[in-house]
Protein chains: 2
Amino acid sequence: MEHRIEKIKKQLHSQSYKLTPQREATVRVLLENEEDHLSAEDVYLLVKEKAPEIGLATVYRTLELLSELKVVDKINFGDGVSRFDLRKEGATHFHHHLVCIECGSVAEIEEDLLGEVESQVENQWGFEVKDHRLTFHGICKSCQKQTVTATTTTHMEQ
Amino acid sequence: MEHRIEKIKKQLHSQSYKLTPQREATVRVLLENEEDHLSAEDVYLLVKEKAPEIGLATVYRTLELLSELKVVDKINFGDGVSRFDLRKEGATHFHHHLVCIECGSVAEIEEDLLGEVESQVENQWGFEVKDHRLTFHGICKSCQKQTVTATTTTHMEQ
DNA sequence: CTCTGTGCAAAGACTTTGCAAAGTA
DNA sequence: TACTTTGCAAAGTCTTTGCACAGAG
């Protein structure tokens, strides 16, 4: 944890940015909620617990800065809110997501999965792949169990 | 073209919706710009040429309706605007996109590519895949040619 | 006549920007 | 001092909603 903060601090410094208390608090929230795909608002509320005087604009600015530095990835599951996801240590590619259309849960897949597909795209379409976004929509394990007996009709948008 | 309008008309009727002139104009714009990934605003401006009296709200409502009927897919390339993409005839899966980070162009891939990956997700994670979104970010063919000699530094956000 | 659909304007949600004040090297 | 960062409030952008009116069956 401290080690990852240090690393981010160095990344900031290397571009002449500072790791201010507000930025550090923001990064800590992201580290403590790595699995959660927080929206800017979510981050703001959590950061406020550590640093009550922080402004929402600062959180937005910090998240944007971290995006530029590729410390976090900005993602969008189609609900009109940007979400922010910390890059894993040493991750070479952007991880994938499984969004459950029943309960809205979001799981992550770290495995690459796309290696072959990417070379196919490069060879067949002449497109030089730099990054990707892959999201599966479907029914998660626990909702499958429930749906066997129940006749749920709850759905999520998009 | 007329045949596809007819089909959509039937789909609407089957759910007790009508294909009003405004809705038809909207569908026609989508059909005529199938490759273009139009935003709601784009669609609005184009529909206005055919039906100047239409309101922006109607376009939004129509696009949402068409999304629900799965006539169009709502996508988001991370620029804060929803874009709308007509489903291809008989398409069983959502097609993929190649977004060029130099020039912003968006190309489509109709090939499935993910069949194997999906079964892997189903088997290994117990997640029942219903749909997917796959977007590659990178450099398109024509930008690659240019960048060989030029030292372009133009970038697109996210 | 009844119910659906429309246009307009207003409201809403999310995000960005301007600016003076505060902090840092 | 010179430069970066912050908080607040205001403005911006995209989208949805409320409502009276028009239209189809």
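Order of the sequence lines sets the chain letters (A, B, ...), proteins ahead of strands, with each chain counted from 1.
Counting to the nearest Å, the C1' atom of dT5(D) and the NZ atom of K9(A) are 16 Å from each other. Rounded to whole angstrom, the span from the OH atom of Y17(B) across to the C1' atom of dC3(C) amounts to 14 Å. Rounded to whole angstrom, the span from the CG atom of L63(B) across to the P atom of dT6(C) amounts to 12 Å. Across the protein-nucleic acid pair, R23(A) atom CZ and dG23(C) atom P stand 15 Å apart, rounded to whole Å. Taking atom OH of Y44(B) as the reference point, atom P of dT6(C) lies 14 Å away to the nearest angstrom. Here the C1' atom of nucleotide dT6(C) and the CD atom of E53(B) are 10 Å apart, to the nearest Å. The CG-C1' distance, from L66(A) to dT5(D), rounds to 14 Å in whole Å.
A cation-pi arrangement is absent between R83(B) and F77(B) under the rule of less than 6.0 angstrom and at most 45 degrees off the ring axis.
In summary, the side chains of H95(A) and E111(A) do not present any donor paired with an acceptor at a separation below 3.5 Å, with no hydrogens or angles considered.
For the pair L65(A)/R23(A), a side-chain contact is recorded, criterion being any heavy-atom separation below 4.5 Å from C-beta on.
Salt bridge E128(B)/K130(B): present, at least one basic N to carboxylate O contact under 4.0 Å.
Screening V59(B), D36(B), N33(B) for a side-chain contact (heavy atoms from CB on, under 4.5 Å) with L46(B), the sole residue that qualifies is N33(B).
Nearest heavy-atom pair, E34(A) versus D85(A), reported as atom, atom and distance to 0.1 Å: O-OD1, 3.8 Å. The heavy-atom pair separating H132(A) from D112(A) by the smallest distance is CE1-OD1, 4.4 Å. For the residue pair H13(A) and L19(A), the shortest heavy atom distance occurs at NE2-N, 4.2 Å.
A sub-4.0 Å separation between OP1 or OP2 of dG23(C) and a side-chain N or O of Q22(A) is absent. Between dG5(C) and T20(B), no contact under 4.0 Å exists linking OP1 or OP2 to a side-chain N or O.
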Identify all pairs in which a protein N or O lies below 3.5 Å from an N or O of nucleotides 17-25 of chain D, and state each distance.
from: dG18(D); atom 1: O6; to: R61(B); atom 2: NH1; distance (Å): 3.3

Report, one pair per line, the protein and nucleotides 11-15 of chain D atoms (nitrogen or oxygen only) whose separation is under 3.5 Å.
from: dT15(D); atom 1: OP1; to: S82(B); atom 2: N; distance (Å): 3.0
from: dT15(D); atom 1: OP1; to: S82(B); atom 2: OG; distance (Å): 3.3
from: dT15(D); atom 1: OP2; to: Y60(B); atom 2: OH; distance (Å): 2.5
from: dT15(D); atom 1: O5'; to: Y60(B); atom 2: OH; distance (Å): 3.2

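Distance NZ/K141(A) to CZ/F127(B): 12.0 Å, rounded to 0.5 Å.
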